[in-house]
Enquirer: 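Sending over a structure as C-alpha cells; questions will come in a sec.
Proteins come first, then strands; the chains are lettered A, B, ... in the order of their sequence lines, and each starts at number 1.
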Number of protein chains: 2
Amino acid sequence: MNTFECTCERCHLRTLFFNHISKNDIRSICTQKVEHRYEKGDVILCEGDPIKNFLYLKEGLVKLSRTTSDDKEQIISFAKPFDFVSLLSVFSSENYHYTVTAIEDSTTCELDLGQVKEIARENGVFTLDLMTRVSEATDRIILDNLEIKQKHLHGRVAYVLLFFAQNVYGRDDFELPISRKEIAEYIGMTTENVIRTLSEFKKDKIIRIFGKEIDIIDRERLESISLHG
Amino acid sequence: MNTFECTCERCHLRTLFFNHISKNDIRSICTQKVEHRYEKGDVILCEGDPIKNFLYLKEGLVKLSRTTSDDKEQIISFAKPFDFVSLLSVFSSENYHYTVTAIEDSTTCELDLGQVKEIARENGVFTLDLMTRVSEATDRIILDNLEIKQKHLHGRVAYVLLFFAQNVYGRDDFELPISRKEIAEYIGMTTENVIRTLSEFKKDKIIRIFGKEIDIIDRERLESISLHG
DNA sequence: CGCGGCTTTGATGTTCATCAAGTAAAGTGG
DNA sequence: CCACTTTACTTGATGAACATCAAAGCCGCG
C-alpha cells in the first residue's frame with residue numbers, strides 16, 4: 001500500500017507526522033497537496049490575506065516581514081526548510097499578520113488548513129508534535145529578537161552575518177541573500193549604518209566583501225563582537 | 001456528578017477546556033492540582049529550572065524575564081490571568097528559558113505536565129484549543145516586541161504606560177507595579193532616560209506622577225506619542 | 001539609625017539617524 | 001543593444017538621541 005504515501009523525497013511531513021498518523025490520512029493529505037515554485041523576490045503570501053492553507057517551506061529561504069504602525073517595513077525573521085512558514089498566526093488568527101517573500105528560489109507545499117485541523121482534532125499525538133514544532137519556531141523568533149534588541153549596531157550586524165554563516169549556509173563564505181536595506185530592516189538600524197559597519201569590519205580584516213559575497217576571515221573576533229559589541 | 005468538577009470560582013481551565021474534555025479528566029486534574037500564593041516580588045519559577053508542571057496564573061500579575069548573553073536582566077513580557085504563564089517553553093524545551101516573578105500578589109495553579117500531555121495525546125480537540133491559546137500568547141509577545149523595537153524612547157515609554165492603563169488596569173489612573181529600572185529593562189533603555197522621559201511627560205501635562213501613582217491626563221497626546229514619537 | 005537600592009537631575013561624550021551627493025548595478029522600453 | 005530610469009550601494013558631514021558618569025535626595029528595612 002505504499003503507493004498511497006507521499007513520494008516527495010525530502011518531504012518534511014514525514015518527520016513531522018512520525019508514525020502518529022494513519023496511512024489513510026497521509027494519503028488524503030498527499031493527494032490534495034499543492035506544490036508551488038517561487039523565484040527569488042516573489043511574494044508567497046501577503047499581510048492581511050485570509051489563512052486558508054497550512055503552508056510549509058520545502059526548499060529555499062524566505063523572509064517574514066510586516067508593516068509597522070508608522071508604515072515602515074520590518075523583517076520579523078528568516079525561515080529555511082523545516083521551519084514552518086505559516087506558524088505564527090495559523091492557529092490564532094483568521095488573517096496573516098505578516099508577508100512572506102522568497103529571498104532564494106523556493107518551493108512550498110500547501111495543505112488545506114481545514115483538513116489539517118480535522119486530523120489534529122482526531123489525533124492528539126499529531127497535534128502535540130505540531131505544537132512542539134510551532135513552539136520551537138516562535139521561541140526562536142522571540143529569543144533572536146531579544147538578543148538583537150540588547151546589542152549595539154556592531155553586535156547586531158555581526159549577529160546577522162553569523163546567523164547566515166552558521167544557521168543557513170553552514171560555511172564562512174556565502175552570498176548574502178538580502179540587501180543592506182533588508183539587514184537594516186531586520187536589526188532596526190539605518191541602511192547607511194549597516195554599510196558603514198560592514199566597511200569597518202572589512203577595514204579591520206574581519207570579513208571580505210565583494211558585493212553580496214561575504215567571507216568571514218576572523219570568526220572569533222566576529223563572535224566576540226556579536227556577544228559584547 | 002458535579003462534585004467532581006473543579007470548584008475554583010474563576011478557574012480558567014473551564015474556559016480553556018470548553019466541553020472538549022471528559023468529567024473524568026477534569027476530576028483527575030482538579031484533584032491533584034496545587035494552588036500557590038505568591039507575594040509581590042516572589043520568584044515563581046527560575047530560568048534553567050526543569051519544566052515539571054503546567055502552570056497558569058489564576059490571579060495577579062507577573063513578569064517574564066531572562067538574562068542576556070552579556071549578563072543583563074531583560075524583561076520579555078508581562079502576563080495577567082488568562083495569559084498562560086508556562087507557555088513559552090513548555091512544549092519545546094526541557095527547561096525554562098526565563099524567570100517568572102510576581103509583580104503583584106498572585107495565585108498560580110499547577111498541574112502535572114505529564115498528565116496534561118496525556119490528556120492532550122488522547123484529545124485532539126483539547127490540544128487544538130491549547131495550541132490556539134499558546135499561539136495567541138506568543139504572537140502578542142512577538143508583535144509587542146516588534147512595535148517597541150521600532151519606536152524611540154518617548155514612544156516606548158508612552159507605549160508601556162498605555163499598556164498598563166488599557167490592558168492591565170482598564171483605567172487612566174493606576175499604581176505602576178514595576179520600578180523605573182524594570183521599565184528600562186523592558187523597553188531596552190537606561191533607567192535615567194526612562195525617568196527623564198516621565199518627567200518631561202509630567203512637565204508637558206500629559207501625565208501626573210506621585211511616586212508609583214500614574215494618572216494619564218492627556219490620553220490623546222500620549223497615544224499620538226506612542227504611535228509616532 | 002544607617003545601609004542599600006530606587007529615584008532624580010545635570011554634565012559630558014558616544015552612538016546613531018539624517019541629510020547630501022555621488023557611484024555602481026540592475027531593470028526597462030525603444 | 002543602448003539610452004534611460006530606478007534601485008542599491010557607499011562615504012562624509014552634521015546634529016539629535018541616547019548612554020554614561022557623577023552627585024544628591026528619598027525611602028524602606030533590618
Enquirer: Rounded to whole angstrom units, what separation is found between the CE atom of A:Met189 and the C1' atom of C:dT14?
Expert: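 Rounded to whole Å, this separation is 14 Å.
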
Enquirer: Less than 4.5 Å apart, side chain to side chain, heavy atoms only: is that true for B:Asn53 and B:Leu113?
Expert: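 SC-SC contact between B:Asn53 and B:Leu113 ruled out.
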
Enquirer: Donor-acceptor pair under 3.5 Å: do we get one between B:Glu192's side chain and the base of D:dC21?
Expert: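 Side chain to base: pair present.
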
Enquirer: Would you classify B:Lys202 as touching base, sugar-phosphate or nothing, given that sugar-phosphate means primed atoms plus P, OP1 and OP2, and contacts are heavy atoms under 4.0 Å?
Expert: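 The answer is nothing, as B:Lys202 stays clear of every strand by at least 4.0 Å.
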
Enquirer: Any donor-acceptor pair under 3.5 Å joining the side chain of A:Arg196 to the base of C:dT18?
Expert: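 Indeed, a donor on one side and an acceptor on the other fall under 3.5 Å apart.
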
Enquirer: Calculate the interatomic distance between A:Glu182 atom CD and D:dT7 atom P; express it in whole Å.
Expert: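 It is 14 Å, rounded to the nearest whole Å.
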
Enquirer: Rounded off to whole Å, could you give me the CD-to-P distance for the B:Glu213 and C:dT7 pair?
Expert: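 The answer, rounded to whole Å, is 14 Å.
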
Enquirer: When all nucleic acid strands are considered with a 4.0 Å heavy-atom cut-off, which category describes A:Ser179: base, sugar-phosphate, or nothing?
Expert: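 Result for A:Ser179 = sugar-phosphate.
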
Enquirer: Figure out the CG/P separation between B:Leu153 and D:dA19, and round it to whole Å.
Expert: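 Atom-to-atom, B:Leu153 to D:dA19, this comes out as 7 Å.
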
Enquirer: State, yes or no, whether a side-chain contact exists between B:Val157 and B:Ile187 at a heavy-atom distance under 4.5 Å.
Expert: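 Contact flag for B:Val157/B:Ile187 side chains = yes.
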
Enquirer: Within 45 degrees of the ring normal and closer than 6.0 Å to the centroid, is that where the cationic atom of A:Lys149 sits relative to B:Tyr186?
Expert: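 Verdict for B:Tyr186: a cation-pi partner in A:Lys149.
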
Enquirer: Take atom CD1 of A:Ile103 and atom C1' of D:dA8, then tell me their distance rounded to the nearest Å.
Expert: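 From A:Ile103 CD1 to D:dA8 C1': 17 Å.
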
Enquirer: On DNA chain D, check which nucleotide each of B:His154 and A:Ile195 is closest to and give me the residue with the more 5' one.
Expert: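 Whichever sits nearer the 5' end wins; that is A:Ile195.
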
Enquirer: Between B:Lys212 and C:dC6, is there a side-chain N or O to OP1/OP2 distance below 4.0 Å?
Expert: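 B:Lys212 to C:dC6 OP1/OP2: no side-chain N or O under 4.0 Å.
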
Enquirer: Taking CD1 from B:Ile183 and P from C:dC6, how many angstroms apart are they, rounded to a whole number?
Expert: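 The distance from CD1 of B:Ile183 to P of C:dC6 comes to 13 Å, rounded to the nearest Å.
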
Enquirer: Could you check whether any side-chain heavy atom of A:Lys151 comes within less than 4.5 Å of a side-chain heavy atom of B:Ser69, counting everything from C-beta outward?
Expert: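 They are in contact (side-chain heavy atoms under 4.5 Å apart), so the answer is yes.
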
Enquirer: Over all strands shown, is A:Ser199 touching base, sugar-phosphate only, or nothing at heavy-atom distances under 4.0 angstrom?
Expert: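 Result for A:Ser199 = sugar-phosphate.
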
Enquirer: Does B:His152 or A:Asn193 map to a spot on DNA chain D nearer the 5' end, using the closest nucleotide for each?
Expert: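 Of the two residues, A:Asn193 wins.
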
Enquirer: A side-chain contact here means heavy atoms from C-beta on lying under 4.5 Å apart; do A:Leu146 and B:Thr68 qualify?
Expert: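 The answer is no, as the side chains (C-beta and beyond) never meet within the 4.5 Å cut-off.
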
Enquirer: What's the NZ-P distance between A:Lys149 and D:dC18, to the nearest Å?
Expert: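 Atom-to-atom, A:Lys149 to D:dC18, this comes out as 14 Å.
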
Enquirer: Does a distance-only test, which skips hydrogens and angles, find a donor-acceptor pair under 3.5 Å between the side chain of B:Arg180 and the base of C:dT9?
Expert: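 No, the side chain and the base share no sub-3.5 Å donor-acceptor pair.
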
Enquirer: Rounded to the nearest Å, what distance is computed from the CZ atom of residue B:Phe210 to the C1' atom of nucleotide D:dC26?
Expert: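 These atoms are roughly 18 Å apart.
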
